[in-house]
Amino acid sequence: MNAQHPSTSLLEGLNDKQLEAVTLPHQSALILAGAGSGKTRVLTTRIAWLIQTGQVSPNGLLAVTFTNKAAKEMLTRLSAMLPINVRGMWAGTFHGLCNRLLRAHHREALLPATFQILDTADQLSSIKRLMKQMNVDDEKFPPKQVMGYINSCKEEGLRANAVDAYDAHSQRMREIFEEYDRQCQREGVVDFAELLLRCYELLSRDASIRQHYQSRFKYILVDEFQDTNRLQYLWLKLLAGADNCVFAVGDDDQSIYAFRGARVGNMRDFEQDFNVRNIVKLEQNYRSHGNILDAANAIITHNRNRLGKNLWTSAGKGEPIRVYQAYNDIDEANFIVDEIKSLHSEGTELSEIALLYRSNAQSRVLEHALFSAGLPYRVYGGLRFFERAEIKHALAYLRLIANPNDDTALLRVINFPTRGIGARSLEQLQEAARAEDCSLWQAAINKVGNGRPGKGVEGFVALIRQMAEEATGLTLPEMAEIATTLSGLRTHYQNEKEGEDRIANLDELISAAVTFVNNNEDAGTLTDFLTFASLEAGEHQAEVGRDALQLMTVHAAKGLEFRTVFISGLEEGLCPHEQSLYETNGLEEERRLMYVAVTRARQRLYLSHAQSRMLHGQVRYGISSRFLDEIPEALLKRLNTRASPGRGGYGESPVSQTATSSEQKNSMPWKIGQAVAHSKFGQGVVVNYEGNANDMRVQVNFGSEGMKWLMLEYAKLEKV
DNA sequence: TCCTGAGTAGTTTTT
DNA sequence: CTACTCAGGA
């Protein structure tokens with residue numbers, strides 16, 4: 001403590017609860033941090049406070065996040081608070097930290113020093129290759145499903161020998177799992193889940209390594225705790241041991257990643273297992289106006305099994321939440337465009353406006369309308385830099401320089417650019433490799449001996465050898481240059497019609513290597529760079545700089561905030577998504593998703609739904625989302641009560657084709673898409689009909705009440 | 001080896 | 001509807 005009042009300035013401006021969390025004594029704690037409650041601030045201030053008050057040195061704590069972005073944000077804020085070098089700190093993602101640990105103890109972890117990391121695409125092709133070799137029917141065992149199985153087993157902390165298999169199918173799955181792990185081990189590669197599992201196994205098996213880290217990390221801090229999976233939880237528990245304390249920050253109401261293994265239940269387990277005395281709740285929200293928070297609270301109270309939390313704000317009620325009922329998806333998009341235009345002309349920056357949707361497919365119609373209106377926008381999601389094909393090709397050459405036994409990398413480029421190695425020679429190679437139980441590279445070497453440059457496999461072996469030879473002693477950017485040029489990739493794309501962008505990306509890879517070396521004065525090896533490429537695949541492509549609207553899924557919006565938010569497609573089947581209704585607790589997760597979406601808005605929130613929308617090439621009729629009904633009417637401002645086809649695109653059809661025009665007007669006003677009310681089933685929408693004017697049945701979608709056929713003659717249906 | 005056409009599936013995503 | 005995969009022909 002060298003400054004006069006070091007902690008005063010650090011702690012200044014914190015509210016009581018935040019202060020309590022930041023200055024908790026050495027004990028495990030659970031911080032329930034609502035949306036917009038200053039979660040990141042509390043986390044970083046806690047770290048800074050611990051260091052500044054001399055309770056721990058920067059090396060004595062471990063801070064874990066889920067994304068690189070969050071880790072970077074934490075460190076940036078920290079270095080603004082304290083004059084310390086944050087470089088060497090153990091702060092990063094679960095995967096990043098496990099990687100670091102495994103590199104340091106690769107021998108004990110039974111891995112080669114230069115082990116490579118498979119991303120999801122690599123893993124899938126590795127599994128496909130294995131299944132082909134094992135003669136597994138990929139109709140009965142879809143590779144994607146097999147991958148999901150393997151990953152979820154690993155995320156539960158289970159190896160093949162530990163999983164249950166009662167029938168032939170699951171036994172076969174287990175077999176593939178086992179073989180897959182063997183294949184990875186032989187090739188010196190690990191997938192994402194393996195990074196964690198290996199690390200966990202290393203720590204549980206090796207007491208001296210475990211004790212070393214346990215005595216080092218007195219304080220462990222975890223961000224987004226509600227997103228941890230089983231294995232991550234076990235890992236934390238192991239690392240904490242009996243004496244260390246874990247500071248877990250999370251929000252059970254924002255748990256939206258169960259589908260990838262997150263267990264909200266970890267929060268309750270944590271309370272028990274870590275002897276948590278009291279839970280600190282951060283409920284004051286600094287982001288949104290009152291009406292928005294009231295709506296969010298109203299929605300989320302419909303969930304059971306919450307830890308319990310109610311957001312409040314000292315800001316005023318603010319504007320009402322605007323609700324628009326669109327005729328169809330095109331009308332909805334046009335409405336949004338019109339609103340954005342007037343917001344923009346009133347001075348709102350486009351980048352302060354977000355368009356959120358449940359599924360990516362919904363962006364198409366929005367994009368079309370925005371494009372026609374000449375409004376600039378950015379769509380989040382899609383391919384990232386290091387996932388682009390040409391980049392993966394170049395990286396595969398680099399991977400072969402680092403470790404030629406990496407079969408996945410070898411297969412990716414052995415014939416790309418084409419060098420006359422067809423399916424036949426590849427088969428021979430794989431046959432030989434299997435017979436010798438060696439890598440494809442070994443098999444290739446055995447085949448061609450010391451091979452002189454030439455065609456086919458010989459040429460490839462010579463090429464990789466030449467690359468490796470030239471690469472020794474070169475800098476990383478120079479190696480990247482070799483991988484893009486000597487490989488023939490550059491020439492290949494030069495001859496391609498639309499190869500210009502790809503060449504530009506190859507150049508970008510070299511720039512990335514330059515930046516990487518500059519940022520890592522101590523560690524700039526090839527393996528480090530390849531690890532970086534796998535673990536930090538870069539931003540989701542989206543141009544920066546220009547003032548543009550932000551389009552993204554609700555998932556992608558988590559953690560972000562905007563002045564104005566549009567949530568579109570609020571219909572049953574889309575939000576909540578129909579698939580979710582079959583999953584256990586699926587509806588509650590969808591509701592949390594809605595909660596996350598609503599709490600992104602600071603000042604203005606628009607909710608819209610369409611009576612019909614084009615989905616999978618068919619017009620679908622849906623009723624408005626139950627989540628809309630869960631918001632008190634007093635918070636809403638309905639911008640229209642009846643949707644008109646005014647700005648819609650595709651036409652409408654009256655229910656009856658046989659009816660005459662007068663009948664259509666009088667006795668037959670039931671159109672597909674007409675909102676109706678039934679005394680027993682509630683609100684619904686007409687989706688189909690049969691019969692004629694005198695004897696007509698209509699099919700009505702009553703949402704949660706299901707689909708019903710009703711005789712018009714008997715059912716007392718009212719138009720709404 | 002490359003291209004074309006048939007066939008199919010179609011939430012959410014980070015590492 | 002569309003985007004992606006895969007098999008088979010030029």
Side-chain angles (χ1 to χ4, degrees), chain A residues 64-71 92-99 117-125 128 132 138-139 142-145 148 151 154-155 190-197 199 223-224 227-229 231-232 255-262 329 356-365 368 380-384 386-387 415-424 496-497 531-540 552-559 569 573-583 586 589-590 592-594 596-597 613-620 649-650:
Chain A
V64 202
T65 62
F66 274 86
T67 66
N68 293 297
K69 199 175 155 199
T93 62
F94 279 100
H95 294 85
L97 294 170
C98 287
N99 171 65
I117 299 165
L118 300 184
D119 68 15
T120 312
D122 295 332
Q123 186 186 15
L124 186 61
S125 69
K128 280 184 183 167
K132 204 167 270 176
D138 57 6
E139 303 251 298
K144 283 214 177 95
Q145 218 166 294
N151 288 339
K154 289 186 178 183
E155 280 161 7
V190 299
D191 58 51
F192 288 133
E194 181 74 20
L195 276 174
L196 300 188
L197 185 53
C199 188
D223 191 17
E224 306 278 17
D227 289 338
T228 50
N229 62 35
L231 179 57
Q232 286 158 339
S255 163
I256 53 173
Y257 285 112
F259 70 92
R260 68 176 197 211
D329 46 351
L356 307 184
Y357 35 80
R358 172 67 238 266
S359 65
N360 286 305
Q362 287 169 254
S363 78
R364 177 176 293 282
V365 179
H368 180 77
Y380 286 78
L383 270 196
R384 297 185 298 172
F386 285 107
E387 291 168 353
N415 198 32
F416 192 94
T418 48
R419 42 179 75 88
I421 303 174
R424 209 178 39 248
E496 209 175 52
K497 275 163 284 172
T531 300
F532 167 79
S534 309
L535 251 33
E536 305 183 37
E539 281 287 293
H540 268 300
M552 63 191 87
T553 62
V554 179
H555 282 93
K558 187 167 164 227
L574 254 188
C575 181
H577 200 280
E578 58 189 347
Q579 301 275 77
S580 73
L581 301 177
Y582 305 109
E583 291 158 13
E589 175 135 327
E590 295 291 303
R592 291 192 291 267
L593 209 44
M594 182 68 185
V596 167
R613 97 169 42 240
M614 192 68 94
L615 206 63
H616 304 334
Q618 280 182 328
V619 180
R620 301 243 306 214
Y650 39 87

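Computation of the quantities below employed the complete heavy-atom set of this structure, encompassing side-chain atoms and omitting hydrogens, waters and symmetry-equivalent molecules. Chain letters run A, B, ... following the sequence lines, proteins first, then strands; residues in each count from 1. Because the structure is a prediction, the values reported are computed rather than measured.
Aromatic stacking of A:His95 on B:dT15: not satisfied for centres closer than 5.5 Å together with planes under 30 degrees. Put simply, A:Phe259 rests on the base of B:dT12: the two rings are less than 5.5 Å apart at their centres and nearly parallel, under 30°.
The phosphate of B:dG10 has neither OP1 nor OP2 within less than 4.0 Å of any side-chain N or O from A:Asn360. For B:dT13, neither phosphate oxygen OP1 nor OP2 lies less than 4.0 angstrom from any side-chain nitrogen or oxygen of A:Arg384. When the side-chain nitrogen and oxygen atoms of A:Ser359 are compared with OP1 and OP2 of B:dG10, none of them lie within a distance under 4.0 Å.
Contacts of A:Asn151 with the nucleic acid, taken as non-hydrogen atoms under 4.0 Å apart, are absent. Base engagement by A:Thr120 is indicated by at least one non-hydrogen atom pair under 4.0 Å involving a base atom. Using a 4.0 Å heavy-atom distance criterion, A:Gln123 is classed as making no nucleic acid contact. Heavy atoms of A:Tyr257 sit under 4.0 angstrom from primed sugar atoms or phosphate atoms, though from no base atom. Across all strands, A:Asp119 comes closer than 4.0 Å to no nucleic acid atom at all (heavy-atom distances).
Heavy-atom nearest nucleotides on DNA chain B were determined for A:Glu583 and for A:Ala193, and the one closer to the 5' end corresponds to A:Glu583. Taking for each of A:Glu590 and A:Gly96 the nucleotide of DNA chain B with the nearest heavy atom, the 5'-most of the two is the partner of A:Glu590.
Remark: side-chain polar atoms of A:Asn415 are paired, donor with acceptor, to backbone N or O of A:Arg419 under 3.5 angstrom.
Each of B:dT11, B:dT15, B:dT13 was ranked by its minimum atom distance to the side chain of A:Gln579; first place goes to B:dT11. In this structure, the nucleotide among B:dT13, B:dT11, B:dT15 sitting nearest to the side chain of A:Arg358 is B:dT11. When the nucleotides B:dG10, B:dT15, B:dT1 are ranked by their closest atom to the side chain of A:Thr418, B:dT1 comes out on top. When each of B:dT11, B:dT15, C:dA3 is scored by its nearest atom to the side-chain atoms of A:Arg364, the top-ranked nucleotide is C:dA3.
Between A:Leu581 atom CG and B:dT11 atom C1' the separation is 12 Å, expressed in whole Å. Between A:Glu589 atom CD and B:dT11 atom C1' there is a gap of 11 Å when expressed in whole angstrom units. The CG-C1' distance, from A:Asn68 to B:dT13, rounds to 14 Å in whole Å. In this structure, A:Phe416 places its CZ atom 13 Å from C1' of B:dT1, rounding to the nearest Å. Following rounding to the nearest Å, A:Ile256 (CD1) and B:dT12 (P) show an atom-to-atom distance of 12 Å. The distance between atom CZ of A:Arg419 and atom P of B:dC2, rounded to the nearest whole Å, is 13 Å.
Between A:Arg260 and A:Glu155, none of the side-chain N atoms (NZ, or NE/NH1/NH2) sits under 4.0 Å from a carboxylate O, so this pair counts as no salt bridge. Comment: A:Arg384 does not engage A:Asp119 in a salt bridge, judged by the lack of any side-chain N to carboxylate O separation of less than 4.0 angstrom.
Using P as the reference atom, C:dC4 and B:dT13 are 15 Å apart when rounded to the nearest Å. Separating the P atom of C:dT5 from that of B:dT12 is a span of 16 Å, rounded to the nearest Å.
Note that CG of A:Asp191 and OG1 of A:Thr120 are 9.0 Å apart. Values are rounded to the nearest 0.5 Å.
Between the side chains of A:Glu583 and A:Ser580, no donor-acceptor pair of N or O atoms lies under 3.5 Å.
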